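First up is the structure itself, then whatever we jot down about it.
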Protein chains: 4
Amino acid sequence: MVGRTRKQRPSNTQYAIRRNEIVDQAAELFARNGYAATGIREIGDAAQLARGALYYYINSKEALLEEIHDRVMDPLLEEARKIKALECSPSARLRMISEVLLRAIIERRDHVWVFLHEYRSLTGQRRVNFKRKRAVFEKIVGDLLAEGVDEGEFEIDDPPMTSLAFLGMHHYTYQWVQRHPDMDPKIVSDIYCGIFFDGIRVGRDKKAGS
Amino acid sequence: MVGRTRKQRPSNTQYAIRRNEIVDQAAELFARNGYAATGIREIGDAAQLARGALYYYINSKEALLEEIHDRVMDPLLEEARKIKALECSPSARLRMISEVLLRAIIERRDHVWVFLHEYRSLTGQRRVNFKRKRAVFEKIVGDLLAEGVDEGEFEIDDPPMTSLAFLGMHHYTYQWVQRHPDMDPKIVSDIYCGIFFDGIRVGRDKKAGS
Amino acid sequence: MVGRTRKQRPSNTQYAIRRNEIVDQAAELFARNGYAATGIREIGDAAQLARGALYYYINSKEALLEEIHDRVMDPLLEEARKIKALECSPSARLRMISEVLLRAIIERRDHVWVFLHEYRSLTGQRRVNFKRKRAVFEKIVGDLLAEGVDEGEFEIDDPPMTSLAFLGMHHYTYQWVQRHPDMDPKIVSDIYCGIFFDGIRVGRDKKAGS
Amino acid sequence: MVGRTRKQRPSNTQYAIRRNEIVDQAAELFARNGYAATGIREIGDAAQLARGALYYYINSKEALLEEIHDRVMDPLLEEARKIKALECSPSARLRMISEVLLRAIIERRDHVWVFLHEYRSLTGQRRVNFKRKRAVFEKIVGDLLAEGVDEGEFEIDDPPMTSLAFLGMHHYTYQWVQRHPDMDPKIVSDIYCGIFFDGIRVGRDKKAGS
DNA sequence: AATGAATGAGGCTTCATTCAT
DNA sequence: TATGAATGAAGCCTCATTCAT
């Protein structure tokens, strides 16, 4: 009731390390079996921690979910922002973003699975926050495509949908990357961007499949 | 064999209609709130049926989930098979498949959401069955791309990944179609295929974004 | 999330009866062992109901607590209001309130124990609501004492504290009534009021114990 | 015998001081939020002690509760015994007891709240012990009232209940004293006793409220 | 064709307590 | 002296499902 003290976390290093492990293990479980289907007990088992002890490290199952979201989304967003601010051509910057995104999807596949697949399990403010971050990321991609058009690199009929196509092609990778874990992000990025940028390049000779 | 019928189902028409409604309502709920987060009670409420009565129409929650999967996947697969057998060019057939797929994703968006997003909630044999169907569908796309290469329409570096890129771009549509419900599948298909086929067309002038 | 349907209660009579029993049994347990110390399982056991089945009848443990509060407090308040509006002398009306209150304390001793002893276990709005009711009741007593002074029946040095003394003497009865369950409320009331009104009567000869 | 000491306690002064603080803080928390609702962690927080460290000072939560009981109950009982043995009139001695009791209720309100309100959280022997002490205290009051009757000071219809009325009026004070923390025990005592003794005085003119 | 009532397993979380350091 | 880490039982509650009516 009055001044109910919130659990305060040790700033200890050992604590931080253990905590990290737990979040990683949870991400793996969530990615493999789904957030809702994964019980706190399973997370405890994976961490070799009794039910109660787990709560020494986490605040709640959903807080854990949020952390998994943020741990990859935040740096990703940060990188995307920096890339956007670079001086090179829009297509070059999009390639960088493509690679950065695919690197996350491939190398942090559990975390990314979680935030691409389970973000609806976030509720309330947590959900709002996360959706905002994703919107920012997507806007960066949309802006770069628009720049490419302005600067005469691309020729695009329907910009919003093209943006979604670009993102979709990349994002959906999380679905099959679990089965092909040793992909090289750079190579995948080159393939995607090769197809995509050839497909929207100014002056391309439109005729295929018509 | 799973799916042993424990109850004899009436072949009555009225029964079938009611049943249909229930499956539709369940699909909507699963798509909106997630399979795990949707309770049997909610489905009953939506169908204006008490908990008990619901079980007159369904065998179990998971059987319901399976049915939602099959109701759209089966016809889709059937169509894809027929298209594959047509005489026209690979790119033309891929465009047809693209459109058929997007039509399902857009017009039956609840069902498709469920089977693209929640298929991991299927267990045991049900899961195996469904994964097989998806594999068949994906193989058709892969085969058509290969045909396109053989027949000199396409030039592709990494066929499997290109196939996944094509599918990913399409599939991921289910994520944003909820927010843009009145898209025209044909138009979306044209955009996707326009980009994609231009991007893999033989003789294209590879240079964008170098 | 969206339109989550609140459990709606059958208006069935059988249901109401069973429900009543459950509330009574819970009141007894709360009175005997305390609200916090009484587990949902114990309530279920007392009602011969499995854990889950209990929730068919109640919304939550705290809702149960609230109901126990209201079931006796509301009629009591109603009666007190009516008595206050009567035409007879303040002391006569206070005697009526005394008797009504003691009847509740003695005959519904479990419920009264709960609301005199456990009201702090109510939280949020429930607590506010209940405190308001108690304040109304206490104000009625205070008003009647004031009327008695105005009309020349009583002579009181410190009205607020006298009011509290009157209420305290009555309320505290709940503490020992468990050990003397067959008291007659009328008799107890006469004793309390006899002492109290003699003790504050105008023209009394103040000297005892000085 | 309960209370087997499992740890050897330092007789150190510093230790005793710290311990005292802890008990005081616990009493405050128990009084404010209830014994069951107060966690060991909160007590630790209040004492600025980690959970583990707390157990250096206390044996268990319930032992703490017991100590709070005894810390005020024991001296109170002692005083009551001494007062009873004095030579003055029963009413005078009752007034002293009234004042002593009210002084405890008002000045040590946290401790008193705990032992008037939470004594049922004591279990086993601890509970027996405490109930015995309370019975002794109550017997002293009963005996003095009886003496008053014998010596012609009081005229009482139902001695046991009159005794309970006297105690109830006093005890219940703990309920509202939290909201009026700066009462003067002497004044409250005078009001209570004024009413009460006038109300039971021999030769009083019984008629009020008839 | 439908229902109300019941089940019991399991959900997430908090608790008082211990113990090696 | 004090602590951080761990425990496991118990807390309240929801779930999919069944079955007599």
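Here the structure is a predicted model, which is why all the values come from computation and not from measurement. In the text below, chain A, chain B and the rest are named by the order of the sequence lines, each starting its count at 1.
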task = Heavy atoms only: give me the nearest A:D110-A:A31 pair and the separation to one decimal.
result = OD1-CB, 3.6 Å
remark   = Nearest heavy-atom contact between C:W113 and C:Q178 is CE3-NE2, 3.6 Å
inquiry  = Distance check needed: F:dA2 P versus D:I58 CD1, whole Å only.
reply    = 14 Å
query = In whole angstroms, how far is the P atom of E:dA2 from the CG atom of C:N12?
reply = 19 Å
task = Would you list the pairs meeting salt bridge (Lys or Arg N to Asp or Glu O under 4.0 Å) in which at least one residue belongs to residues 29-42 of chain A, sequence neighbours left out?
result = A:E28-A:R32
message = Below 30° counts as parallel, above 60° as perpendicular, anything between as tilted: where do the rings of C:H69 and C:F115 land?
response = tilted
task = Name the closest nucleotide to the A:L49 side chain, picking from F:dT7, E:dA6, F:dT3.
result = F:dT7
inquiry  = Contact list please: residues 32-48 of chain A against DNA chain E, heavy atoms, distance less than 4.0 Å, in numerical order.
reply    = A:T38, A:G39, A:I40
task = Run the salt-bridge test on D:E66 and D:K61 with the 4.0 Å N-O cut-off and return the result as yes or no.
result = no
query = If only atom types and distance count, is the side chain of D:R127 paired as donor or acceptor with the main-chain N or O of D:R120 below 3.5 Å?
reply = yes
query = Rounded to whole angstroms, how far apart are OH on B:Y57 and C1' on E:dT3?
reply = 13 Å
Nucleotide F:dA2, atom C1' - distance to CD of D:Q14 in whole Å = 14 Å
query = Regarding B:S121 and B:E62, is there a side-chain donor-to-acceptor distance under 3.5 Å anywhere?
reply = no
query = Would one find a side-chain N or O of A:Y55 under 4.0 angstrom from OP1 or OP2 of E:dT14?
reply = no
note = Between CZ of C:R51 and C1' of F:dA10 the distance, given in whole Å, is 11 Å
key: Dot-bracket summary - DNA chain E, pairs being Watson-Crick or G-U whose distances fall under 3.5 Å, with | when paired to another strand   = .||||||||||||||||||||
remark   = Atom CG of D:L65 and atom C1' of E:dA16 are separated, to the nearest Å, by 14 Å
ask   = In chain order, what residues pass the side chain to side chain contact (heavy atoms under 4.5 Å, CB included) check against B:N20, with sequence neighbours excluded?
value = B:R71
note = Looking only at E:dT13, E:dT18, F:dA2, the nucleotide nearest the D:A53 side chain is F:dA2
request  = Residues of residues 18-29 of chain D with any non-hydrogen atom less than 4.0 angstrom from an atom of DNA chain F: list those, numerically ordered, please.
outcome  = none
inquiry  = Check the phosphate of E:dA5 against C:Y56, side-chain N and O only, distance under 4.0 Å to OP1 or OP2. Yes or no?
reply    = yes
Nearest-Å distance for atom pair OH/P, residues C:Y15 and F:dT21 = 21 Å
query = Quick one: ring-ring contact (aromatic ring centres under 6.0 Å, His included) pairs with a partner in residues 24-44 of chain C, sequence neighbours left out?
reply = C:F30-C:Y35
query = So which one's nearest nucleotide on DNA chain F is more toward 5', B:K61 or A:A50?
reply = A:A50
task = Indicate the atoms forming the closest heavy-atom contact of D:I40 with D:L54, along with that distance.
result = O-CD2, 3.7 Å
Which atom of A:I22 lies closest to which atom of A:I58, heavy atoms considered = CG2-CG2, 4.4 Å
query = Okay, side chain of D:H117, backbone of C:H117: is any donor-acceptor separation there less than 3.5 Å?
reply = yes
query = Nearest-Å distance, CG (D:L54) to C1' (E:dT18)?
reply = 13 Å
query = Does OP1 or OP2 of F:dC13 have a side-chain N or O of C:N59 closer than 4.0 Å?
reply = no
